[in-house]
Colleague: 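Starting off with a structure, shown below.
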Amino acid sequence: MLLFRWAVMLLLLAAGVSFAFYVGTGQVRYRQWGLVILKWTILAALGFFGVLVLERLL
């Protein structure tokens with residue numbers, strides 16, 4: 001459980017830093033990285049909630 005929480009928090013932090021770099025520099029590659037990281041964050045969060053649901057069912 002703790003691993004999922006740390007993964008989601010670190011991914012959110014990385015996405016935020018990437019978007020901040022995009023705003024600061026205007027380079028599109030930082031926005032693209034931010035979107036990719038955000039996608040993986042959503043997948044990690046879905047995995048986390050899936051594990052919670054499975055624990056409740058079993």
Side-chain angles (χ1 to χ4, degrees):
M1 288 295 217
L2 188 60
L3 181 66
F4 282 117
R5 289 181 187 178
W6 277 103
V8 169
M9 290 303 295
L10 289 176
L11 285 169
L12 282 174
L13 178 67
V17 167
S18 182
F19 287 129
F21 280 163
Y22 169 67
V23 169
T25 64
Q27 294 184 12
V28 179
R29 66 181 171 146
Y30 291 121
R31 186 188 66 180
Q32 291 171 342
W33 273 97
L35 290 174
V36 168
I37 294 170
L38 191 61
K39 176 184 76 169
W40 284 106
T41 304
I42 291 170
L43 288 174
L46 287 175
F48 173 73
F49 288 119
V51 168
L52 285 178
V53 169
L54 284 176
E55 281 185 354
R56 294 281 183 179
L57 292 176
L58 299 176

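Bear in mind that the values here come from a model prediction, so they are computed numbers and not experimental data.
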Colleague: Sort and list the pairs that fulfil ring pair (Phe, Tyr, Trp, His ring centres under 6.0 Å) and have at least one residue in residues 36-58, not counting sequence neighbours.
Modeller: none

Colleague: Which Ile, Leu, Val, Met, Phe, Trp or Tyr residues join Val53 in one cluster when any pair of side-chain heavy atoms under 4.5 Å counts as a link?
Modeller: Leu57

Colleague: Where do Gly34 and Ala15 come nearest, in terms of heavy atoms and distance?
Modeller: O-CB, 4.1 Å

Colleague: Please round to the nearest 0.5 Å and tell me the distance separating atom CG of Leu38 and atom CG of Leu12.
Modeller: 7.5 Å

Colleague: Given Thr41, which of Leu46, Leu10, Leu11 fulfils the side-chain contact (heavy atoms from CB on, under 4.5 Å) condition?
Modeller: Leu11

Colleague: Are the side chain of Ser18 and the backbone of Tyr30 linked by a donor-acceptor contact shorter than 3.5 Å?
Modeller: yes

Colleague: Are Val17 and Tyr22 grouped together when hydrophobic residues (ILVMFWY) are joined by side-chain heavy atoms under 4.5 angstrom apart?
Modeller: yes

Colleague: Is it the case that atom CZ in Phe21 sees more than 12 heavy atoms from other parts of the structure closer than 6.0 Å?
Modeller: no

Colleague: Sequence neighbours left out, what passes side-chain contact (heavy atoms from CB on, under 4.5 Å) with Val28? Give chain and number order.
Modeller: Arg31, Gln32

